[in-house]
Each structure stands twice: as C-alpha cells, then as structure tokens.
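Reviewing the structure listed below.
Heavy-atom basis, side chains included; hydrogens, waters and symmetry copies ignored. As the structure is a computational prediction, the values presented were derived from the model and not from experiment.
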Amino acid sequence: MRIVQDIRLEEFKRIEHLLYGINYEVWFNLYGPADPELGLTDTLKRLISKDCEISGVVPSTPNDAVSEIMDMVLYKGDTGSGPLELESKKSEISELMGKVFSSIGIEDAEMVVEFGFKNGHPAYPVFWDFAYDIHSKGLRWIFVGSSSD
C-alpha cells in the first residue's frame, strides 16, 4: 500500500472544498520557488513532469493575472455543473485566494506570464484552467488551477 500525503497549501484544500459541486471539482497547486534564470519548459519539467510541453505563452500583468484567475475561481457553472451555493462562499474564497496571492508576491511581480500545457498538464481541465509563471522578489512560482467534472 502506498500512502500519499497532500502537502499543498491549506488555502487550496479549503477553496477546493468550498467550490465542490454538482459534476464540478476544482484543483490548484503552486510549484516553487524555482530558479528564475531557468527556461520555463525546463522549470516545468523539473517541478511538474518531464513530459511537459507548453503552448500559448503570453505576457500578462499582476492585475490581469489576479483578475483572470478570480474570474475562473468564481465561475458559477450552469444547472448541470458548478459549485454549490457559491454566493454564500465568495467572501471566504476571495480572502483565501488573497492569502495565496500575497504569499507569492504577485502584486509586486516583476514578470507574469500566462501559458498553456500542450502536454503534461498536472490535472484534468474541463471547464477552465490557468497556468502562470510568476517572478517576484527574486523567486519564481508556477501557479496552476483547473476545474473538471
């Protein structure tokens, strides 16, 4: 028997619980800190999977990244899939996401790049997903999230 321990941020675990719903589940992970001098593909291969290939690399800004991530996190879904009772949970979810953003210093990031996974995505995205390469205060973070059914 193999025992696996979930060592991700407690904020992620709580947000995932809050957003659980009908045919709907979210997943988040933060990889790093990593060497900011290493190329993005090499960083992903070291931190996530040797099978990682990227696509759609687009420069972003801290404000745009936070806005786009929050739009996805607070996705309402539809009658067949989506988080349960989202309205009553928005405040707590926003507060928890704020803690995550602060912990990686996204507000003060020198560089934020949005990218996609051509291969090697660490989750199973269905409704939405995001991946950001964030450079802040001499550190590099890879922030990935997705939702599935």
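In this structure a side-chain-to-backbone donor-acceptor pair under 3.5 Å is missing from Glu114 to Ala131. Counting only distance, with no hydrogens or angles, the side chain of Ser67 and the backbone of Asp64 share no donor-acceptor pair below 3.5 Å. Proximity of a side-chain donor or acceptor of Lys89 to a complementary backbone N or O of Leu84 within less than 3.5 Å is detected. When atom types are taken as modelled, the side chain of Asn23 and the backbone of Gly80 share a donor-acceptor pair closer than 3.5 angstrom.
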side-chain contact (heavy atoms from CB on, under 4.5 Å) assessment of Arg140 paired with Leu38: CA-CA 10 Å; Arg140 175 189 226 156; Leu38 197 60; 4.2 Å; yes
Test side-chain contact (heavy atoms from CB on, under 4.5 Å) applied to Leu74 and Ser94, step by step: CA-CA 9 Å; Leu74 297 175; Ser94 295; 4.2 Å; yes
Criterion side-chain contact (heavy atoms from CB on, under 4.5 Å) on Leu86 and Ile93, from CA distance to verdict: CA-CA 9 Å; Leu86 179 61; Ile93 293 166; 4.0 Å; yes
Audit row: Ile106, Val100, side-chain contact (heavy atoms from CB on, under 4.5 Å) steps and yes/no: CA-CA 9 Å; Ile106 195 169; Val100 172; over 6 Å; no
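Considering every non-hydrogen atom in both Gly82 and Tyr24, the closest pair reads N-CB, 3.4 Å. Closest heavy-atom contact between Ala109 and Pro62: O-CG, 3.9 Å. When all heavy atoms are compared, the tightest approach of Ile134 to Phe143 is CD1-CB, 4.0 Å. Contact detail for Asp35 and Thr43: the closest heavy-atom pair is O-OG1, 4.3 Å. Looking at every heavy atom in both residues, His121 comes nearest to Ala123 through ND1-N, 3.0 Å. Contact between Leu19 and Val73 at its shortest, heavy atoms only, is CD1-O, 3.5 Å.
Within the model, atoms CE of Met111 and NE2 of His135 stand 3.0 Å from one another, a figure rounded to the nearest 0.5 Å. Taken from OG in Ser146 to CD in Glu25, the straight-line distance is 9.0 Å, to the nearest 0.5 Å. The distance from atom CG of Asn119 to atom CG of Leu44, rounded to the nearest 0.5 Å, is 12.0 Å. For the atom pair CG of Leu96 and NE2 of His17, the computed distance is 11.5 Å after rounding to the nearest 0.5 Å. Separating the CD1 atom in Ile104 from the CG atom in Leu139 is a distance of 10.5 Å, to the nearest 0.5 Å. Put simply, CD on Glu37 and CG on Asp42 are 13.0 Å apart, with the number rounded to the nearest 0.5 Å.
Annotation: side chain of Phe117 is in contact with side chain of Ile48 (closest heavy-atom distance under 4.5 Å). Counting only heavy atoms from C-beta outward, the side chains of Phe127 and Asp149 approach each other to under 4.5 Å. Residues Ile22 and Thr79 are not in side-chain contact: their nearest non-hydrogen atoms beyond the backbone lie 4.5 Å or more apart.
Under the 4.5 Å side-chain heavy-atom criterion for Ile, Leu, Val, Met, Phe, Trp and Tyr, Ile15 and Trp141 are members of the same hydrophobic cluster. Transitive grouping of hydrophobic side chains (ILVMFWY, heavy atoms separated by less than 4.5 Å) brings Met72 and Leu18 into a common cluster. In the hydrophobic clustering of ILVMFWY residues, with side-chain heavy atoms under 4.5 Å counting as a link, Phe115 and Tyr124 come out apart. Hydrophobic clustering (side-chain heavy atoms under 4.5 Å, transitive across Ile, Leu, Val, Met, Phe, Trp, Tyr) keeps Val144 apart from Phe101. Note on Val66: it clusters hydrophobically with Phe12, by side-chain heavy-atom contacts below 4.5 Å among ILVMFWY residues.
When each of Ser148, Ser147, Pro122 is checked for a side chain to side chain contact (heavy atoms under 4.5 Å, CB included) with Trp27, only Pro122 meets the rule.
A tilted orientation is assigned to the rings of Trp128 and Phe28, their planes being inclined by 30° to 60°. Using bins of under 30°, 30° to 60° and over 60° for the plane-to-plane angle, the ring pair Phe130/Tyr132 lands in the tilted bin.
For Lys90, the salt bridge (Lys or Arg N to Asp or Glu O under 4.0 Å) test picks out Glu87, with sequence neighbours left out.
The local environment of CZ in Arg8 is crowded, with over 12 non-hydrogen atoms from other residues, nucleotides or ligands closer than 6.0 Å.
Looking at Glu10 and Lys13, a side-chain N of the basic residue comes within less than 4.0 Å of a carboxylate O on the acidic one, giving a salt bridge.
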